[in-house]
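This structure is a prediction, so every number in the text was calculated from the model and none was measured. Counting from 1, the numbers follow the sequence of the chain as shown. Computed over heavy atoms, backbone and side chain alike; hydrogens, waters and symmetry mates excluded.
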Amino acid sequence: KQFQRGDKDNISKKKIKLLNDIGFEWDPIVDRWYERYEELKASLNGRCDISYTCHRWKTKQRFQYKAFHRGEKSRLTEIKISLLNNIGFEWNYSGDDRTRKDKWEQCFHELKDFIDEHGHSQVPPNYSKNP
């Protein structure tokens with residue numbers, strides 16, 4: 001908390017290094033952004049399961065993107081925008097019901113195939129077989 005309040009003088013470089021070495025999260029908001037980004041990236045690489053939290057996060061990114069381009073306060077940075085662009089993020093998503101319906105049906109059939117093959121619906125997060 002001292003560091004986040006700007007009291008950097010009270011924390012020695014040695015203590016900072018020790019905290020960095022154990023993976024201390026200096027800015028939980030930034031760390032959560034990268035967690036959601038990785039979840040989104042995984043869903044774009046063939047996994048159908050995207051959490052409600054990630055879905056909401058995508059909506060927030062679009063809102064932040066608009067604010068960024070209007071010159072308003074935004075949590076998005078050029079680096080984050082570039083990362084999202086590199087994975088084909090849809091900034092102007094209109095919520096086309098046909099697209100969502102097609103995606104849902106595709107995922108439904110993939111789940112059905114998984115159940116037929118494995119006898120259960122507990123698809124592991126690292127399951128790579130995706131027709």
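Partners of Lys112 by salt bridge (charged side-chain N to carboxylate O under 4.0 Å, His left out), not counting sequence neighbours, listed by chain and number: Asp116. Partners of Phe114 under the side chain to side chain contact (heavy atoms under 4.5 Å, CB included) rule, at least two apart in sequence or in another chain, are His118, His120, Val123, Pro124, Tyr127. For Leu83, the side chain to side chain contact (heavy atoms under 4.5 Å, CB included) test picks out Trp33, Tyr34, Tyr37, Ile79, with sequence neighbours left out. Looking at residues two or more places apart in sequence or on another chain, you find a side chain to side chain donor-acceptor pair (under 3.5 Å) between Glu72 and Arg70. Legend: residues meeting side chain to side chain contact (heavy atoms under 4.5 Å, CB included) with Lys14, ordered by chain and number and at least two apart, are Ser12, Leu18. Every residue two or more places apart in sequence or in another chain was checked for a ring-ring contact (aromatic ring centres under 6.0 Å, His included) with Phe68, and none qualifies. Legend: residues meeting ring-ring contact (aromatic ring centres under 6.0 Å, His included) with His109, ordered by chain and number and at least two apart, are absent. Residues passing the side chain to side chain contact (heavy atoms under 4.5 Å, CB included) test with Ser82, sequence neighbours excluded: Asn86.
In this structure, Ile81 and Asn85 have side chains that are in contact, with non-hydrogen atoms separated by less than 4.5 Å. Side-chain contact between Arg56 and Lys60 is present, with heavy atoms from C-beta onward closer than 4.5 Å.
To the nearest 0.5 Å, the span separating CG on Leu76 from CD on Gln61 amounts to 5.0 Å. The CG atom of Leu84 lies 10.5 Å from the NZ atom of Lys41; values are rounded to the nearest 0.5 Å.
Between the side chain of Ser74 and the backbone N or O of Gln64, at least one donor-acceptor pair lies under 3.5 Å. Side chain of Arg62 to backbone of Glu90: a donor-acceptor contact under 3.5 angstrom is found.
Here Glu35 does not pair with Arg32 in a salt bridge; the nearest charged N to carboxylate O distance is not below 4.0 Å.
Sorted by first and then second residue, the ring-ring contact (aromatic ring centres under 6.0 Å, His included) pairs involving residues 70-92 (not counting sequence neighbours) are Tyr65-Trp91, Phe89-Trp91.
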